[in-house]
Each structure stands twice: as structure tokens, then as C-alpha cells.
Amino acid sequence: MAADTLKSTTGAGGGAAAVRRLLLDNGALTALIVLLIAMSALSGDFLTTDNLLNVGVQAAVTAILAFGVTFVIVSAGIDLSVGSVAALSATVLAWSATSHGVPVVLAVVLAVATGIAAGLVNGFLIAYGKLPPFIATLAMLSVARGLSLVISEGSPIAFPDSVSHLGDTLGGWLPVPVLVMVVMGLIAAFVLGRTYIGRSMYAIGGNEEAARLSGLRVKKQKLAIYALSGVFAAAAGIVLASRLSSAQPQAADGYELDAIAAVVIGGASLAGGTGKASGTLIGALILAVLRNGLNLLSVSAFWQQVVIGVVIALAVLLDTVRRKAGATPVAAGTGSGGKGRQAVTYGLAAVVTVAVVGATSFLHGGSSSTSNPKIGLALSTLNNPFFVQIQSGAKAEAKKLGVDLTVTDAQNDASQQANQLQNFTSSGYDAIIVNPVDSDAAGPVVRAADKAKIPVVAVDRGVNKATTNTLVASDNVAGGELAAKTVAEKLGGTGKIVILQGQAGTSAARERAEGFAKGLEAFPGIQVLAQQPADFDRTKGLDVMSNLLQAHPDVQGVIAANDEMALGAIKALGSKAGKSVQVVGFDGTPDGLTAVTNGTLYASVAQQPSELGRIAVDNALKAFQGKKVAETVKVPVKVVTEENVAGFTG
């Protein structure tokens, strides 16, 4: 394995100096050891076999992506497209194998070829088109994500069963994603340390002009480097989709930042010339341990982002201190003594970690039980008032019933939610409440909770291909029909409307859109001028509505799949809102109800989110206590207008 082994330029200065040099030269490894010890001391649930395997599984996709990004960063480039390329590759596999009957082996080849093609385009634009890597890969990020949505039509595609086994375990305990991560890591290490292309990466990253003058075909090497990054992105996409049993068009959104962070935390320099596969693996493990441990400690999802940002900054700062202290990189492929010393260092670190972590585990021996039932609430997002109200209702009921409630925020990332649910299961929570990002993707982890005899309650959205004790929800399709009927009747059965759809790929967006279509079937006089997604976001609702007004200034009505988009549309409409243009929203959020009171929002189809949260906690506790609960608990939706808004509490 090559090339970032460091030599101290200082002389022997005693044992203290040697320890200091060891820590400086292995900053990422030191940070990982400190984290493991700290998490073991702070949480009695951290140091269990199941949880440590969870950490490995949760690191796998980021690590595989990061191995590919390591090639690029070592050569002084950057690749922002790997997350989108991973999603596109998985979508191509699922689409070709399930929708078009392509043999699975060939479908896998097509998925890998997709990754290679995306990488080659990146490399061509950078090497021959002279585009900065940031710009070229940013463009590919958008293109690949768009193609993924086009191919899947915005909906998840079931993954072939034969490939989905990549998300399973061997022997009932060893996760396959961890094995794939190790294999891909070994391949990355071999490429970096034992091949011509690997040595070329370091040469280009160290000094591109010198590499060119020495006879290296820099342009062709860059094509190969970005193609390799595409291969690893495709592999990561396949592993991720296997875990979720479906190809999600919005999967791996933002993962490129985690991959870059893992490479940098692992000791690589964004200036190029240094980096190694083992460091990248350590960086990915640091991010996974952080997220896992902070979840176990019930740290707010918002604070988790702050902590991770601080860790990334500290990692780069440590690298700066290390270099100023006199550590200098050895040239790629040299220093066999350095490799032996590195192996000894890793072995010593493993022994120290096991010894100290084992000692701290006695702090929690037999004392992990609490008097209050522990319930985990996994929400799809807390960046939306509707789900914030679900959380408020759940917390109020938990306090009333004497329940310890832990809330996590998946940030609309199905993979992140799978990780959070795994953490609840491995920590032995008494019950779990899940508001799925996607109903299909939540299935595998909910089945794991079922196997562990942990009752699961679904809220707002159901879970497919898994058993839940109860579903507490409003009917999104029925609500969509009500919204369509409300705006159509307000317009007297004839008129021109536009529809603002939710985030492509989410079950709520699909179900509400289905309801809108069903409801409008009864009103042939209503003409739908346009349907555009605005991602459940107020700002995007404003932008999309502003654009639609340019093409359709004669619009008379707007149906929005949530109140946030409706409020954005109202801002775009200005004085027309509530007068010449009638707007109907969805959810009954506080801001939406205020707009109804003010007359700018004609109506909101309210789901009473606080009630959803309250009932979910109540049913989760009953299920844990062995009491009978209904298979489905329907919370009725209600059309709230100016006439009845005063009596609605949400």
C-alpha cells in the first residue's frame, strides 16, 4: 500500500518525542482510537457485536465511494459526481433487470459500464476540454441525478433478489457490505501501491507539468483515473440499493461530500500527491462511529451536523500541524521499511484499542437497564413543519406516559434512516416508531427489528414487505382527492390550474399526486396547465411558481402537495393569491393555517400531525406491553378553510 507514509525529520528526542511523532504521523488512526474509547465510555450500547457490525455496514457505502475519490484527490482533482453516479448505476441495474428482463449478470455489467462512462465523460471534459474538475464533475452530478429520475420516473425500482443478497449477512452475522468494503479497499490499495496508474496518480498530483515532461501521458491517465472513480461509485450504488432492496433515484444525495471528507480525514491532501486507501478507510470509519455514537447518545440530528463539521475541520488542522512539525511524505512506491513500520503501528493501535475499550466496558457492566421504556422515533425529516409537529405530539405523549423517547432525523435519506433504525435495533429499544423516507427501503431494517422481537409502529406512511404492529396514518390518496375537489369546487368546476408536486421518489409525493389525479377525474372542466416538482420546499415553491407564471399568466388555481410549497406559491402570486388565484395546500401546518386565516391560502388539507405523533407513541407503548393494538389507526384528514380554521388545533 502506498504513498503517504511519513518520515520524521527530527532526531531521536526520547520516548515522549517518539510518542508525539507517532500520534502526529497517524492522526486519523489516533482520532479513531479516541472516538472508540470515548463512545465505549459514554454508551453501554456501543460496545456490542451487533452495534460494531452496524458501524461497519454504515461505513461501507461511504468507504467504497471514498476509495474511488482517493484516486482523484491523490492526482490533485475532485469528483463531486460520485453520489449521483452511484444512484444512476443502481437505477440502470434495477430498470434493466426488472423492467426489461435483462439477465442479472448483464444488468450488473451495464451498471458498472454506466459508472465507467460517467467517469470517462468527467475525465474527457477535464483532460481534453480543459474544464476545472469542480465544474466538470458538478455538471455530471446534475446530469446523472436527472437521468436517474428520468429512467425511474421518480419512483423507486425493486432490486433483483439475486443482487439484493449483497445487503444480507453470511452465516447470519457477517454483513456482506462489510466484505465488499474490504475487497474494494484491497483493490484500491493495490492500484495505488502496485500499479503504473497508481504511481501516475501521485506523480500528477505532485507536479503535473513535471509528470508530463517526464513522458507521462497525463491526459490518458486522467481518463483512467476518473473512470476508476466511476467504477467504485457504481459498486457503492449497487451495495446501497441492495441494503434498501430498491434503487432509489434520490439515493446517495450528498454522499460525495462524505466521501471527500473521509479521504481528507484519512490524511490525503486536496493539493494532491498524498493519500492512501487505509487512511480513507479510517476516515470513513470515523464518520460512521461519530454518527452511530451520537445516535446512541440521543444527540440532536442538528447538533450531529455541527459535530461532524468540527471533526472534519480538526482533521485538516491536525494535518497542517503534522506537516509543520516536520513530517514529509515518502515518494509513492518507496520505503519498504516505512510499510513495515506502518503495519506495526496498526497492530499496536489495535492492541491498545482493545485493551482500553475492554476496560471501559466494565463501566457499563449489567447497568444498562432503565426504569422507563425506551422508544425510538425515526422521522424522515425535521426540515418540515409537518414532521416537527409529529415530533411535538410524540414528545408530549412520551412525557405524559413516562417513556424515554429518542428522535432521529433521516434528512430524507433512506440509507441514513436504515442506519438509524439499525442502531435502535442493536441497542435493544423496547419499541420503534418509523416515518419512512420510502416505504420499500424501510422494509429490510424493519424485518430485522421484527426478528429481534421489537414492536414497530409506522406513522404517516406504511412499510412494504415487512410486518408492523400498527400503521398510524392519514390517507394521502384520499387527502389528495379532497384537495382536488376543494379547488375544483371553488372554481365552479371549470378553470386552469397548476400542480406543485413533492420530492420525486418519495411515497408521500406519489400518493398525493395519485389523489390529485383521481379527484380531478370528476371535474372534466378543470384543465391542468402544468405539473412540476418543488421538493416540499417553500423556496423552491416560490421559484417554480414564478417560472410557471411566465408561461401561464392565466392560471386560476394551484394545488400544492404541502403547505410549504403552497406558501412559496402565494409569495410568487402576490396580490393574486386568494383573489384571482385560489391556492390549496396540504398538511395543516401553523404557517399554513395562518395563511388560511389571512385569506391568501384558500384551504389546507390538514392531517393533524400532532395527533399522529401522540397516537403513535401510545400504540408503541401498548405493543411493548403486549396489549392488543389495531392493525391500522386512521387519523381523519380535514379540509380547513377560513370558516373553520379557528376551531382547528392540528
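Throughout, residue positions are numbered sequentially from 1 according to the sequence presented. Bear in mind that the values here come from a model prediction, so they are computed numbers and not experimental data. FYI, side chains are in, hydrogens and waters are out, and symmetry mates aren't considered; it's all heavy atoms of this structure.
Residues A378 and L421 come closest through the heavy atom pair CB-CD2, 3.8 Å. Residues A288 and V55 approach most closely at CB-O, 3.7 Å, considering heavy atoms. Across P385 and E564, no two heavy atoms sit closer than the pair CG-OE2, 3.6 Å. A534 and V544 get closest at one heavy-atom pair: CB-CG2, 4.1 Å. Of all heavy-atom pairs spanning A87 and S148, the tightest one is O-OG, 3.8 Å. Taking every heavy atom of both residues into account, P455 and A623 meet most closely at CB-CB, 3.7 Å.
Between atom CD1 of residue I570 and atom OG1 of residue T600 there is a gap of 4.0 Å, rounded to the nearest 0.5 Å. Note that the CG atom of N619 and the CZ atom of R614 stand 9.0 Å from one another [nearest 0.5 Å]. From S246, atom OG reaches atom CG of L240 across 9.0 Å, with rounding to the nearest 0.5 Å. For the atom pair CE (M545) and CG (L573), the distance works out to 4.5 Å, reported to the nearest 0.5 Å. Considering CD1 of I432 and CG of N469, their distance stands at 10.5 Å, rounded to 0.5 Å. Atom CG of L482 and atom CZ of F516 lie 10.5 Å apart (nearest 0.5 Å).
Classification of K627 and D618 as a salt-bridged pair fails, no side-chain N sitting under 4.0 Å from a carboxylate O.
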Original post:
Do E521 and K518 pass the salt bridge (Lys or Arg N to Asp or Glu O under 4.0 Å) test, and can you show the C-alpha distance, the side-chain angles, and the key distance before you say yes or no?
Top reply: CA-CA 5 Å; E521 288 175 359; K518 283 186 177 181; over 6 Å; no

**OP:** Begin with the C-alpha distance, continue with both residues' side-chain angles, and end with the deciding distance and a verdict on salt bridge (Lys or Arg N to Asp or Glu O under 4.0 Å) for E514 and R510.
**Re:** CA-CA 6 Å; E514 181 185 344; R510 294 195 303 272; over 6 Å; no

Original post:
Yes or no on side chain to side chain donor-acceptor pair (under 3.5 Å) for Q532 and N547, after CA distance, side-chain angles and deciding distance?
Top reply: CA-CA 10 Å; Q532 289 293 326; N547 296 337; over 6 Å; no

**OP:** Walk me through it: do D587 and R512 pass the test salt bridge (Lys or Arg N to Asp or Glu O under 4.0 Å)?
**Re:** CA-CA 11 Å; D587 283 346; R512 293 178 188 186; 3.2 Å; yes

**OP:** Mind running side chain to side chain contact (heavy atoms under 4.5 Å, CB included) on N435 and F387 for me, showing each step along the way?
**Re:** CA-CA 9 Å; N435 160 236; F387 299 104; 3.2 Å; yes

**OP:** Decide yes or no on side chain to side chain donor-acceptor pair (under 3.5 Å) for N295 and Q304, but give the supporting numbers first.
**Re:** CA-CA 8 Å; N295 281 340; Q304 288 186 32; 2.8 Å; yes

Original post:
Does the pair Q420 and Q416 meet the rule for a side chain to side chain contact (heavy atoms under 4.5 Å, CB included), with working shown?
Top reply: CA-CA 6 Å; Q420 292 162 352; Q416 187 169 331; 3.5 Å; yes

Original post:
Is there a side chain to side chain contact (heavy atoms under 4.5 Å, CB included) between F159 and L93 once you walk through the steps?
Top reply: CA-CA 8 Å; F159 223 51; L93 194 165; 4.0 Å; yes

**OP:** Assess whether side chain to side chain contact (heavy atoms under 4.5 Å, CB included) is satisfied between R291 and T62, documenting all intermediate values.
**Re:** CA-CA 13 Å; R291 289 197 170 101; T62 299; 5.5 Å; no

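Within the 3.5 Å criterion, the main-chain N or O of P249 finds a donor-acceptor partner in the side chain of R145. With T597 contributing its side chain and L593 its backbone, the two residues share a donor-acceptor pair below 3.5 Å. Without hydrogens or angle criteria, Q556 side chain to K496 main chain gives a donor-acceptor distance under 3.5 Å. Between the side chain of D563 and the main chain of A566, no donor-acceptor pair closer than 3.5 Å is present. Panel note: side chain N372, backbone D404; no donor-acceptor pair is recorded below 3.5 Å. Proximity of a side-chain donor or acceptor of S610 to a complementary backbone N or O of G393 within less than 3.5 Å is not detected. Under a 3.5 Å cut-off, the side chain of N598 and the backbone N or O of T594 do form a donor-acceptor pair. Here the side chain of T470 pairs a donor or acceptor atom with the backbone of A630 at under 3.5 angstrom. Checking side-chain atoms of Q608 against main-chain N and O of P636 turns up a donor-acceptor pair under 3.5 Å. With hydrogens and angles ignored, the 3.5 Å screen pairs a side-chain donor or acceptor of D430 with a backbone N or O of K374.
With contacts defined as side-chain heavy-atom distances shorter than 4.5 Å, the pair N419/R243 qualifies. At least one side-chain heavy atom of N51 sits under 4.5 Å from a side-chain heavy atom of L296. Taking the side chain as every heavy atom from C-beta outward, Q248 and V437 never approach each other to under 4.5 Å. The closest side-chain heavy-atom distance from K395 to Q391 is below 4.5 Å. Between S245 and R447, the closest side-chain pair of non-hydrogen atoms falls below 4.5 Å. By the 4.5 Å heavy-atom criterion applied to side chains, W95 and S152 are not counted as neighbours. Residues V163 and I238 form a side-chain contact, since some pair of their non-hydrogen atoms from C-beta on lies under 4.5 Å apart. A 4.5 Å side-chain heavy-atom check between F586 and N476 finds at least one atom pair inside the cut-off.
Applying side chain to side chain contact (heavy atoms under 4.5 Å, CB included) to S380 and the options N412, V434, D460, D438 leaves one that passes, N412.
Under 3.5 Å, the side chains of N54 and S426 contain a donor-acceptor pair of N or O atoms.
In this structure, K634 places its NZ atom where more than 12 heavy-atom neighbours from other residues, nucleotides or ligands lie under 6.0 Å away. By the 6.0 Å contact criterion, CG on D591 is enclosed, its count of non-hydrogen atoms from other residues, nucleotides or ligands being greater than 12. Within a 6.0 Å radius of CD in E631, other residues, nucleotides and ligands contribute 12 heavy atoms or fewer. Open room surrounds CD on E153; 12 or fewer heavy atoms of other groups in view lie less than 6.0 Å from it.
The ring-ring contact (aromatic ring centres under 6.0 Å, His included) search around F424 returns Y429, not counting sequence neighbours.
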